[in-house]
Amino acid sequence: MGISPFLETFHLTSILISMLPELSSRRPVSHPTPYHGLNDLNLRWIAAQNWTYTSNPISGLTKDESLSTWLVFDGLDTYSTIKLCDKTVATTDNQFKQWLFDVTSVVNDCDGEGVLSINFGAVPAIINKLNGSGIETWPQEVVPPFEYPNRQWVRKEQSDFGWDWGPAFVPTGPWRDGRIVRLKNEEAYSLNTNIDIYRKGQVNNFAPDQSQPWVVNASLDYIGNLPKQSSMHAVITDADDKNKVLFSGALDNVTRSNTTITGSVVIDADKPQLWWPHGMGKQSLNSITVSVSGCEGGNPALSSERRVGFRTILLSTGNVTDAQIARGYQPGNNWHFQINGHEFYAKGANMIPPDAFWPRVTNERMTRMFDSVQAQNFNMLRIWSSGAYLPDFIYDLADERGILLWSEFEFSDSLYPDYPEFAQSVSDEIYYNVRRINHHPSLACWAGGNEFENLLLPQAKSADPERYPYYLGQYEHLFITVIFTLVAENSHSISYTPSSANNGWTKIDFSLPVPMIERYNNETKGELYSNTDYYNYDTSLSFESSRYPVGRFAVEFGFTSMPSLATWKEALEEEDLHFNSSMITVRNHHYPAGGLETNYTKGARGLAEMTLAVERYYPTPNKKDAMANFSSWCHATQLFQADFYKSQIQFYRRGSGMPERQMGSLYWQLNDIWQAPTWAAIEYSGRWKALPYVTRHLYKNVISAPHFNHTSGDLEVWVTSDLWESVSGSVSLSWVDLGGKPMVDNAGMPKTVNFTVPAINSTCLLNTNIADVKLSDRSDAILLISLEADGRLPNGKSTTCFTHNDHFLPVWPKDIKLVDPGLKLTKCNSTGDFIVEATKGVSLYTWLTHPAEVVGFFDDNLFVLLPGEKKHVGFKLQEDTSSGEWMDKVSVESLWDMTTHN
């Protein structure tokens, strides 16, 4: 982008000086790290204060009546009063908006060098006053409490006020860049750029015609002045090779207003290379430079560059068609994604904010996270509301890695007001972020928010039936009339759903006051509508698949687990590292305290659920060394979590071949915001729990999986494939005892079963009852399941060999007659791998642990080893502070080692 010498840009994050260190010295702080110990409670006084951020004198900000001067802020969190040259410029009240202010007269009246100051008000105090201002009163059922109340009144990250997986710091300040822009009379500056790429005739929420040409629509928001007669030009090249030019020339249909100029071009249907998600093809990316010039030529008056990809993405939530019913679909509504015209099975998780303090979320940290995402064979993340709209560099990583981002507007677990000022603030927020993010090919859809239609609205109807029509009207106005209209006005390419869990729609018509007619209730017998979420903390029912919801798409499901000992040590002192310590209890926010008072009872309830889960199914840790015993307890909770998710993911994937045509599973949750018991698979520092090692196998393209009914004893073995063509192969079934000795006649079960599975489908290979399996002792038996198949990857040209291994225990792990596997670990310095060997017996849940000095993950873990079997295990090293000595500190254990055996 060419910048005029008369345009000066300052990044406020580099010139603003926080007054926090000075004021912090006036209050006792238990530890300088905000996540340490009880700091989430001890530091609450910070959220109760007003804070002023003040710059040093800004050089170059001198009086010049030939220039206009603007303040531009990409993120101010949240209620602020801005002063320049000791004069009040403006106030703000929305964390998610881009704010701009003309300060020309202020600068020209400024004596000496200008100083910028921003005073941020105490958000809890302000929203409490709003709640008492008589706008309206709502029952608790429509605004479930976490810690700080009244969050529905403010456009700020909702999880800042506490959630069941995170602290309530309520941070405030400039959380994204700001700039001071100075322009001559005939100059302009680009504020935001919307690049919308779609098939000709495509409209939101409907499948496009893949034979149609591409439309590239470029829209630039700006301040300043453009030449009266302006033209728009674009150059589209390969992102990696600028010599490969896809298009260069003038844009057509140019329109302009005082703040926006827009033009478009049509490109032949087959000319661009398509962008595909991970595992479905290449992530082809293009660079587009859009410029605005006067008719007389010369340097561009305005220019903007973005990286884009050519793809169509559809979230199909409309009615199931007659053609689909003829193919065996259950009637009702769809809920699945299509990429470039192809249905695909969505595999992934839900992402929460990586940190309570967004300036600490760096490209390096997110790169490590996307390494973990790819390693789990994901193709999608749901970016949960209510955190914050992700910065572009995270979408850039997703573009490069092929990870689709189901994106949501920042509303969750509450109903929200729609009075005019609030609705206008939301409109500004939506307009800015839809246009900012729209060019990223990883953008999968927009959702209005979280859990409105299947949770909050039913609760409101039950709590206040007479007022329910009012609540429903507010919801439809804000989340359909306002937000859906803005999405459709600014993007042809992206689908919208008002709620992350809902039953789809029956009609879309923008001539209607409410342009999307939602199907709020599943009341038609024999029809199926919704995507699902599932949380059941009665662990006696955890592995009863009859309890799992049958739906089109599993958007949330999960159970909490403890982080590892290494992660606990980042935040707690050693005296607090035992399972029922008061420190761990109060850091467990499942269940939420419901207010600002410490609630040990609710924290203990969540810990008790994990304890019961372990005692029901796994050998109970009982080591003499207290620290070692605590570590085993933490690990045991992770084993339960991993096995519970495994049971569900296998069930949901199996549903791709059922009448429900289940087409996605996104577990809750991918990452942690701090060190605490949560649903996360990856701990705060990036360390893997047990779960990711399981999901990376579960989300392979072709898997074989047992399905056991613990009540009836029925045992099935299924093969599931998410490939776009049929796949054929065989599954080997081997019964052995815990000493590794094969069962006589394979316990009456066939040793090999051949299969063919249609595209995105599943098939049952074997159906028997455990009573008919010839086992002399079920507690001394394990079934090893091994799959080999040949097929083609999506968009693949050659045949690929697919493999998958699983196992089945006919009794719970706690009832198995464990034997000492005699594990032996050897490091291979030449390759950086480790060799694990079982020398005495079968090793169950074989687990390698790396030291805290490194960040990374093994390429396999939690595997089964037969005696005499050697397994090579690699390690993805992401960060090393051990000077290369970490390999000597890697250890290995198994289920045998969790108890007193060692």
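Along the sequence shown, residues carry numbers from 1. All heavy atoms count here, side chains included; hydrogens, waters and symmetry mates do not.
Judged by the 6.0 Å distance and 45° axis criteria, Lys97 is not positioned over the aromatic ring of Tyr432. Relative to the six-membered ring of Tyr345, Arg653 meets both conditions, a distance below 6.0 Å and an angle of at most 45° to the axis.
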Apply side-chain hydrogen bond (donor to acceptor under 3.5 Å, both in side chains) to Asp221 and Tyr431, showing your working. CA-CA 11 Å; Asp221 300 324; Tyr431 178 86; 3.3 Å; yes

Given salt bridge (Lys or Arg N to Asp or Glu O under 4.0 Å), test Arg307 with Glu400 step by step and report yes or no. CA-CA 10 Å; Arg307 194 175 61 176; Glu400 296 162 6; 3.0 Å; yes

Evaluate ring pair (Phe, Tyr, Trp, His ring centres under 6.0 Å) for Phe161 paired with Phe146, printing each intermediate quantity in order. CA-CA 7 Å; Phe161 301 98; Phe146 287 95; over 10 Å; no

May I have the step-by-step check of salt bridge (Lys or Arg N to Asp or Glu O under 4.0 Å) for Asp93 and Arg155, ending in yes or no? CA-CA 7 Å; Asp93 60 0; Arg155 296 308 303 135; over 6 Å; no

Between His439 and Asp196, is a side-chain hydrogen bond (donor to acceptor under 3.5 Å, both in side chains) present by the stated rule, with each step listed? CA-CA 6 Å; His439 68 278; Asp196 193 23; over 6 Å; no

If you apply the rule ring pair (Phe, Tyr, Trp, His ring centres under 6.0 Å), what do you find for Phe120 with Tyr79, and how did you get there? CA-CA 6 Å; Phe120 289 89; Tyr79 294 109; over 10 Å; no

Show, in sequence, the C-alpha distance, side-chain angles and deciding distance for Leu528 and Val320, and conclude whether the side-chain contact (heavy atoms from CB on, under 4.5 Å) test is met. CA-CA 9 Å; Leu528 185 66; Val320 170; over 6 Å; no

Any chance you could lay out the side-chain hydrogen bond (donor to acceptor under 3.5 Å, both in side chains) test for Tyr529 and Glu527, step after step, and finish with the verdict? CA-CA 7 Å; Tyr529 305 110; Glu527 295 195 4; 2.5 Å; yes

List the steps, then state whether side-chain hydrogen bond (donor to acceptor under 3.5 Å, both in side chains) holds for Trp335 with Ser530. CA-CA 7 Å; Trp335 190 287; Ser530 64; over 6 Å; no

Given the rule in the side-chain contact (heavy atoms from CB on, under 4.5 Å) test, do Glu453 and Glu518 qualify, once you have shown the distances and angles that lead to the verdict? CA-CA 9 Å; Glu453 294 187 15; Glu518 291 287 270; 2.6 Å; yes

Step by step, work out the side-chain contact (heavy atoms from CB on, under 4.5 Å) result for Leu670 and Leu381. CA-CA 9 Å; Leu670 173 68; Leu381 291 176; 3.9 Å; yes

Evaluate ring pair (Phe, Tyr, Trp, His ring centres under 6.0 Å) for Tyr468 paired with Tyr471, printing each intermediate quantity in order. CA-CA 5 Å; Tyr468 175 72; Tyr471 295 136; 7.4 Å; no

Let's go through Met380 and Phe337 carefully: what are the C-alpha distance in whole Å and the side-chain angles of both, what is the deciding distance for side-chain contact (heavy atoms from CB on, under 4.5 Å) to 0.1 Å, and is it a yes or a no? CA-CA 10 Å; Met380 182 176 287; Phe337 287 88; 3.7 Å; yes

Please lay out, stage by stage, how Phe344 and His336 fare under the test ring pair (Phe, Tyr, Trp, His ring centres under 6.0 Å). CA-CA 8 Å; Phe344 67 94; His336 66 265; 8.9 Å; no

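The side-chain heavy atoms of Asp392 and Arg436, taken from C-beta on, include a pair separated by under 4.5 Å. No side-chain heavy atom of Ser425 sits less than 4.5 Å from a side-chain heavy atom of Asp428. The side-chain heavy atoms of Val170 and Lys156, taken from C-beta on, include a pair separated by under 4.5 Å. Put simply, the side chain of Trp446 does not reach to within 4.5 Å of the side chain of Phe484, judged on heavy atoms.
Electrostatic pairing of Asp371 and Arg401 counts as a salt bridge here, judged by a charged N lying under 4.0 Å from a carboxylate O. Using a cut-off of 4.0 Å between Lys/Arg side-chain N and Asp/Glu carboxylate O, Arg365 and Asp355 are scored as salt-bridged. At a threshold of 4.0 Å, the pair Glu408-Arg382 counts as salt-bridged, since one of the basic side-chain nitrogens sits closer than that to a carboxylate oxygen.
Between Tyr475 and Phe452, the two ring planes are perpendicular [angle over 60°; tilted spans 30° to 60°]. The aromatic rings of Trp163 and Trp165 sit tilted, their planes meeting at an angle between 30° and 60°. Note: Tyr534 and Phe644 have perpendicular aromatic rings, judged against thresholds of 30 and 60 degrees for the angle between ring planes.
The closest donor-acceptor contact from the side chain of Gln158 to the backbone of Arg151 lies under 3.5 Å. The backbone N or O of Ala460 sits nowhere less than 3.5 Å from a side-chain atom of Asp464 that would complete a donor-acceptor pair. Proximity of a side-chain donor or acceptor of Asp413 to a complementary backbone N or O of Val143 within less than 3.5 Å is not detected. Judged purely by atom type and a 3.5 angstrom limit, Asn205 has no side-chain atom pairing as donor or acceptor with the backbone of Ser495. Side-chain N or O atoms of Asn340 include one that pairs as donor or acceptor with a backbone N or O of Thr312 at under 3.5 Å. Side chain of Asp77 to backbone of Trp175: no donor-acceptor contact under 3.5 angstrom is found. Under the 3.5 Å distance criterion, the side-chain polar atoms of Asp418 are left unmatched by any main-chain donor or acceptor of Leu478. In this structure, Gln283 contributes its side chain and Trp276 its backbone to a donor-acceptor pair below 3.5 Å. Not a single donor-acceptor pair under 3.5 Å links the side chain of Tyr652 to the backbone N or O of Leu666. Side-chain atoms of Lys689 never come within 3.5 Å of backbone atoms of Ile682 as a donor-acceptor pair (strictly under, hydrogens ignored).
For the atom pair CG (Asp672) and OG (Ser685), the distance works out to 9.5 Å, reported to the nearest 0.5 Å. Here the CG-CD1 distance, from Asn379 to Ile339, works out to 9.5 Å after rounding to the nearest 0.5 Å. Here the CZ-CZ distance, from Arg199 to Phe310, works out to 9.5 Å after rounding to the nearest 0.5 Å. Atom CG of Asn128 and atom CG of Asn150 lie 5.0 Å apart (nearest 0.5 Å). Atom CG of residue Asn531 and atom CD of residue Gln662 lie 9.5 Å apart, to the nearest 0.5 angstrom. A distance of 12.0 Å separates CG of Asn319 from NZ of Lys507, quoted to the nearest 0.5 Å.
In summary, of the residues considered (Trp153, Phe411, Phe409), a ring pair (Phe, Tyr, Trp, His ring centres under 6.0 Å) with Tyr416 occurs for Phe411 alone. Paired with Pro391 under the rule side-chain contact (heavy atoms from CB on, under 4.5 Å), one option of Phe393, Tyr395, Tyr389 passes, and it is Phe393.
The six-membered or imidazole ring of Tyr535 lies away from that of Phe559, with a centre-to-centre distance of 6.0 Å or more. In this structure, Trp668 has its ring center no closer than 6.0 Å to that of Tyr645. Taking the six-membered ring where the residue is Trp, the centroids of His589 and Trp674 are separated by under 6.0 Å.
Taking all atoms of both residues into account, the shortest heavy-atom contact from Ile288 to Val308 is CG2-CG1, 3.7 Å.
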